[in-house]
Amino acid sequence: MIDKLYTSNCLTRDEMLQLLNNLSSEDADYLHERARLLTDQVFGRKIYIRGLIEFTNYCSRNCVYCGIRKDNTKVQRYRLSEEDVLKTCAQAHELGFRTFVLQGGEDHYYHNDKMVSLVKKMNDLFPDTATTLSIGERDAEIYAKLYENGANRFLLRHETIDKNRYAKLHPGMSFDERMECIQTLRTLNFQTGVGFLIGLPEQKITDYVDDLMFIKDFNPHMVGIGPFISHKDTPLGGAENGDVKTTLIMLSIIRLLLPKVLLPSTTALNTLSKDGSYSGFNAGANVLMLNLTPSGARENYNLYEGKTIIDISDGVNLNILKENMRKKGYILDMSRGDYNSSMH
Ligand code: SAH
């Protein structure tokens, strides 16, 4: 079945279930090897670098797993000014970054006009640079304005495709609305990213199968997945964390289902395993997000506990990373790295 995935990029729901239910550790090794081989064939050894700016941790939502949820009164809230974001971008642009990812809670301040204005300024100042947004749900009309003013990509994980589980995890939110947002983003021509959490309490293999089938069917440009990591000041505080092995298996299957997809080796994965980023690359990931959030702010962007940051405060660090990646057989690539549907 792994060979079938490799050659046809497709499995039926039953086959997927059978594969996941019977995967030995040798099978998993073979799965990772096939996924990496396919990644090499499409992208070579390049890993695309993104600059992540966590620009606000104010949030009006209450996702039960998330450390910056509204009801967490222990978190110190911050919001970078437009000026600070642009300054951060300027420094990173100088270092060669050509993709900025603005991520944050659903902050009233940056909800509509202020968000559009920030995106427009970024686009005016750095026209050769891609802007990715990871700012949650907005009205279609705001998404459209963001796109018109220069935002190119949007990450909005579906989190879980199981409607009941979604409802339990996201009090006051609606699965259908999230899905509608995702559809809208794609219709507006954003390069669109979806994704799910791994290892949530009570999550079962059939849930992963459904998430994978959705991802194959939706055919997104990007997929962000990572292990759930508990945060003590949330309702899921003390719950068991998601595991690295399952995350790597999911990465490889997603790569085999969607050969051209942009697939990050995420911060959450890197947090749970020492060589997390590289194990992600070896399993078929081809994107790495480096943290550009100014210190003083980044310490308070704790979606989960123990976040491991890959710190890029100057060019020297970037050179060290480049050299380390080279030693592991990967090439750090600072270009925009847009989704390219004509790759094969
Ligand atoms: N507010 C934005 C950005 C969310 S943060 C939005 O709604 O899209 C980006 C991602 O971090 C989320 O989509 C979620 O999948 C992940 N995340 C949040 N809390 C987490 C936790 N405790 N462990 C692992 N990942 C988490």
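These numbers come from a predicted model, not from an experiment. Nothing fancy with the numbering, it's 1 onward along the sequence. Note that ligands are numbered from 1 as they come in the structure, with each ligand's atoms numbered from 1 the same way.
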Gap separating the OG1 atom of Thr234 from the CG atom of Asn302, nearest 0.5 angstrom: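 Between Thr234 OG1 and Asn302 CG, I get 12.0 Å after rounding to 0.5 Å.
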Salt bridge (charged side-chain N to carboxylate O under 4.0 Å, His left out) partners of residues 153-164, not counting sequence neighbours, each pair once: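 For residues 153-164, and leaving out neighbouring residues, the salt bridge (charged side-chain N to carboxylate O under 4.0 Å, His left out) pairs sorted by first residue read Arg153-Asp338, Glu159-Arg178, Lys163-Asp176.
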Identify, by atom number and element, the atoms of ligand 1 in contact range of [X], meaning under 4.0 Å from any of its heavy atoms.
{"X": "Arg157", "value": "13 (O), 14 (C), 15 (O), 16 (C)"}
{"X": "Ser134", "value": "2 (C), 3 (C)"}
{"X": "Pro227", "value": "23 (N), 24 (C)"}
{"X": "Phe228", "value": "23 (N), 24 (C)"}
{"X": "Gly104", "value": "1 (N), 2 (C), 3 (C)"}
{"X": "Leu156", "value": "8 (O)"}

Ser279 versus Asn282, side-chain donor and acceptor atoms under 3.5 Å: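 There is no such pair between these side chains.
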Within-cutoff protein neighbour (heavy atom, under 4.0 Å) for atom 4 (C) of ligand 1: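 Neighbour list for atom 4 (C) of ligand 1 is empty of protein heavy atoms (cut-off 4.0 Å).
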Structural part of Leu197 in contact with ligand 1, heavy atom criterion under 4.0 angstrom: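 For Leu197, only side-chain atoms sit under 4.0 Å from ligand 1.
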Shortest reach to atom 20 (C) of ligand 1 by a heavy atom, considering only Tyr301, Phe196, Tyr65: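 Checking each option, the heavy atom nearest atom 20 (C) of ligand 1 is found in Tyr65.
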Winner among Arg178, Gln103, Arg61 once heavy atoms are compared against atom 8 (O) of ligand 1: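 Answer by nearest heavy atom: Arg178.
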Ring centers of Tyr110, Phe55 separated by less than 6.0 Å: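 Centroid separation for Tyr110 and Phe55: below 6.0 Å.
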Atom 12 (C) of ligand 1: nearest protein contact (heavy atom, Å):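 Among all protein heavy atoms, the one nearest atom 12 (C) of ligand 1 is Glu159 OE2, 3.4 Å.
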Closest protein heavy atom to atom 11 (O) of ligand 1, given as residue, atom name and distance to 0.1 Å: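 Nearest neighbour among protein heavy atoms for atom 11 (O) of ligand 1, to 0.1 Å: Leu303 CD1, 3.5 Å.
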So for atom [atom1], which belongs to [X], do other residues, nucleotides or ligands contribute more than 12 heavy atoms lying within a distance under 6.0 Å?
{"X": "Lys87", "atom1": "NZ", "result": "no"}
{"X": "Glu323", "atom1": "CD", "result": "yes"}
{"X": "Glu240", "atom1": "CD", "result": "no"}

Backbone or side-chain N or O of Ile229 under 3.5 Å from ligand 1 N or O: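 Yes, at least one N or O pair falls under 3.5 Å.
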Tyr301 six-ring face occupied by Lys307 cation (under 6.0 Å, within 45°):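 So Lys307 doesn't make the cation-pi contact.
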All side-chain contact (heavy atoms from CB on, under 4.5 Å) counterparts of Lys168, not counting sequence neighbours: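 By the side-chain contact (heavy atoms from CB on, under 4.5 Å) rule, Lys168 matches Glu202.
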